[in-house]
Amino acid sequence: MLGQRPTLASLAEREWDLIVVGGGITGAGVLLEAARQGHKVLLLEQQDFAWGTSSRSSKMVHGGLRYIAQGDVRLTRDALRERERLLRDLPGLVERATYLFPLRKGKFPGRWPMTAVLSLYDFLAGIRDHRFVSRRELLSRVPGLDATGLSGAMSYTDALTDDCRLVIRCLLEAARLGGESLNYARATASRRDGDRTRLTVEDGVSGEQVELSAPVVINATGAWANRLGGAGAEAAPRIRPLRGSHLFVDPARLPVDDCLTVMHPRDGRPVFVFPWEGVTCVGTTDLDHGDDLDLEASASAGEVDYLLELINSQFPAAGLSRDDVLSTMAGVRPVIASGKPAAAGKAPSKERRDHAVWQGDGLVTVSGGKLTTFRLIALDALAAAGLLDARAARRARRSNAPLFRPLPEAPLQVDQFLHGNQDDDALIRWVLENEAVVHLDDLLLRRTRLGLLRRDGGEALAPRLRALTGEILGWDEGRWEQEWQRYRTLRERFYGVPPAERAAA
């Protein structure tokens with residue numbers, strides 16, 4: 001388990017084969033695969049694990065239908081095969097879900113183009129579960145859906161997960177294999193010294209600063225990839241940070257049992273409306289993100305309006321407003337730019353979602369890609385770093401061996417989180433004892449999602465959490481009050497509902 005948080009000084013005394021910088025799904029995947037290969041490996045994360053993109057995605061483990069339309073069949077094939085592997089290995093954390101794509105007369109794509117695409121989609125995944133759903137059945141399954149021009153829907157399956165819990169699960173599995181990880185440890189500089197790369201690392205909790213070194217350092221910091229170096233001058237524009245925002249809606253106001261893929265009336269973009277951990281999630285947007293990456297991303301007023309417009313166009317009787325939104329969530333995707341600047345007019349949604357690996361300044365840098373293919377991305381990074389030869393990399397890619405073993409010592413809801421009761425004392429105790437919680441927002445926004453799922457942000461839980469953090473983490477009254485105020489400020493500022501923009505006079 002992640003257990004008690006180690007000191008940087010103790011980590012500096014040890015010899016490492018590999019240091020991974022970045023604690024999102026890519027870094028966690030590299031840590032796990034390196035530990036599986038028997039390497040002595042350490043992961044460092046400047047904030048909390050999964051603080052960035054990997055706690056704020058659309059929660060989908062999928063192949064990506066639109067990648068077929070863009071001609072990227074290989075990416076879709078790889079993603080679908082990895083989807084099936086995760087469904088097999090992590091039941092209860094990655095779960096198959098039914099998706100419905102409503103069809104409307106005179107609107108592209110129609111039934112037969114969708115049938116052709118879904119036939120290929122299922123073929124690549126090695127399953128067959130797509131079918132046509134009649135108009136009558138669709139309206140029965142999705143009451144309140146706009147019936148105008150509706151001819152039915154195409155039904156297919158993909159999968160849902162909790163992205164942050166998937167990261168933590170990788171870290172827990174890596175720890176079992178000897179991999180170590182430390183959150184709130186920022187690598188501020190790197191330099192090559194002979195046959196080793198040396199990192200200056202600052203502990204965000206104690207303020208301690210040390211130098212760590214390893215023959216190989218993999219920079220898996222996503223949208224922050226160019227910060228540490230390793231990009232090279234010619235690679236400066238490689239990362240195009242794109243923001244995607246979501247709304248969490250009271251399911252009493254927008255009940256759905258299936259995942260709907262619907263087209264936005266304003267720009268024709270596909271947007272998902274789906275059930276997730278007891279609420280209804282709506283998203284996502286796709287915009288260039290120009291804000292400071294060190295600030296938590298947040299949904300803009302315009303994005304909230306955009307998503308509410310989508311809901312009310314598809315469910316005209318719902319009449320949803322900001323009052324129905326429990327919370328918002330925004331993440332920054334580290335998309336590999338096509339080489340054409342945003343000013344040239346290439347829409348964010350047109351950018352490819354594959355990953356890239358490059359070397360420079362003593363670092364191997366990996367960025368981009370999809371949540372679903374994190375294992376394959378990790379193998380590519382390890383191969384580029386010289387820690388996997390070509391034969392071993394091919395063998396690992398093709399291996400069908402289980403990636404995860406059950407955690408018998410943990411409460412059942414750790415492995416089956418999508419079905420768990422998140423405010424159960426057994427789960428919270430496990431998290432506090434085993435998952436490197438440093439701040440209250442780690443617990444309420446990432447280890448659990450209680451801060452997102454409840455209108456009060458979990459305020460009713462405060463007395464219980466105060467007692468548990470005192471007992472397990474040793475927080476006194478002053479520390480609790482400090483953490484509570486920090487959490488409430490973060491929740492309101494970055495996960496709350498921004499007020500509507502005022503119309504120009």
Side-chain angles (χ1 to χ4, degrees), residues 58-60 62 64-66 69 97-118 121 129-158 160 244-276 278-287 299 301-329 347 349 497 500-501:
S58 291
K59 321 304 178 194
M60 294 182 181
H62 66 152
L65 278 176
R66 68 188 179 94
T98 299
Y99 284 65
L100 296 173
F101 188 101
L103 303 172
R104 299 185 187 275
K105 295 174 184 176
K107 300 288 186 180
F108 182 85
R111 176 177 177 179
W112 300 117
M114 281 297 295
T115 298
V117 169
L118 289 172
Y121 201 63
D129 63 0
H130 72 278
R131 69 182 183 91
F132 175 73
V133 173
S134 70
R135 182 179 188 272
R136 181 176 180 179
E137 180 185 348
L138 177 61
L139 291 174
S140 174
R141 289 171 63 171
V142 192
L145 183 66
D146 181 20
T148 305
L150 198 63
S151 58
M154 295 305 301
S155 172
Y156 62 100
T157 65
D158 259 318
L160 294 175
S245 295
H246 299 76
L247 309 181
F248 296 107
V249 179
D250 186 340
R253 297 285 287 119
L254 187 64
V256 292
D257 295 321
D258 301 303
C259 302
L260 298 178
T261 306
V262 290
M263 312 308 285
H264 200 287
R266 189 187 304 179
D267 54 16
R269 284 187 61 256
V271 178
F272 296 104
V273 181
F274 59 98
W276 185 75
V279 299
T280 299
C281 183
V282 182
T284 179
T285 59
D286 208 0
L287 303 170
E303 288 173 288
V304 173
D305 290 339
Y306 176 88
L307 294 174
L308 286 173
E309 179 185 348
L310 177 281
I311 296 170
N312 290 323
S313 70
Q314 295 292 330
F315 296 87
L320 263 64
S321 70
R322 279 172 160 73
D323 292 339
D324 299 298
V325 179
L326 303 175
S327 60
T328 64
M329 175 190 69
S349 296
V497 184
E501 295 177 339

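Values reported hereafter were calculated over all heavy atoms of this structure, with side chains retained and with hydrogens, waters and symmetry mates removed. Model, not experiment: these values are computed from the prediction.
- Gln314 has its side chain out of reach of Val273: every pair of non-hydrogen atoms, C-beta onward, lies at least 4.5 Å apart.
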*Please assess Leu118 against Met154 for the test side-chain contact (heavy atoms from CB on, under 4.5 Å), listing each intermediate value before the final yes or no.*
CA-CA 9 Å; Leu118 289 172; Met154 295 305 301; 3.7 Å; yes
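- For the residue pair Val282 and Leu307, the shortest heavy atom distance occurs at O-CD1, 3.8 Å.
- What you find for Pro265 and Leu310 is that their closest heavy atoms are CD-CD2, 4.2 Å.
- Judged by distance alone, with hydrogens and angles left aside, the side-chain atoms of Arg131 form no donor-acceptor pair with the main-chain N or O of Ser155 at under 3.5 Å.
- Residues Cys281 and Phe248 come closest through the heavy atom pair SG-CE2, 3.8 Å.
- Nearest heavy-atom pair across Met263 and Gly268 is CE-O, 2.9 Å.
- When every heavy atom of Asn312 is checked against every heavy atom of Leu320, the shortest pair comes out as OD1-N, 2.8 Å.
- The two residues His264 and Tyr306 make their nearest non-hydrogen contact at NE2-O, 2.7 Å.
- Summarising the geometry, atom CG belonging to Asp258 is positioned 9.0 Å from atom CG belonging to Leu138; distances are rounded to the nearest 0.5 Å.
- Side-chain contact of Thr115 with His130: a donor-acceptor pair under 3.5 Å is absent, judged by distance alone.
- Not a single donor-acceptor pair under 3.5 Å links the side chain of Arg253 to the backbone N or O of Asp323.
- Applying the side chain to side chain donor-acceptor pair (under 3.5 Å) test to Thr157 and every residue at least two apart in sequence or in another chain returns Asp129.
- Counting only distance, with no hydrogens or angles, the side chain of Thr280 and the backbone of Pro251 share no donor-acceptor pair below 3.5 Å.
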What donor-acceptor contacts under 3.5 angstrom involve side-chain atoms of residues 106-114, with partners at least two apart or in another chain?
none

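- Residue pairs satisfying the salt bridge (Lys or Arg N to Asp or Glu O under 4.0 Å) criterion with at least one member in residues 304-320, sequence neighbours excluded, are listed as follows: Arg266-Glu309, Asp305-Arg322.
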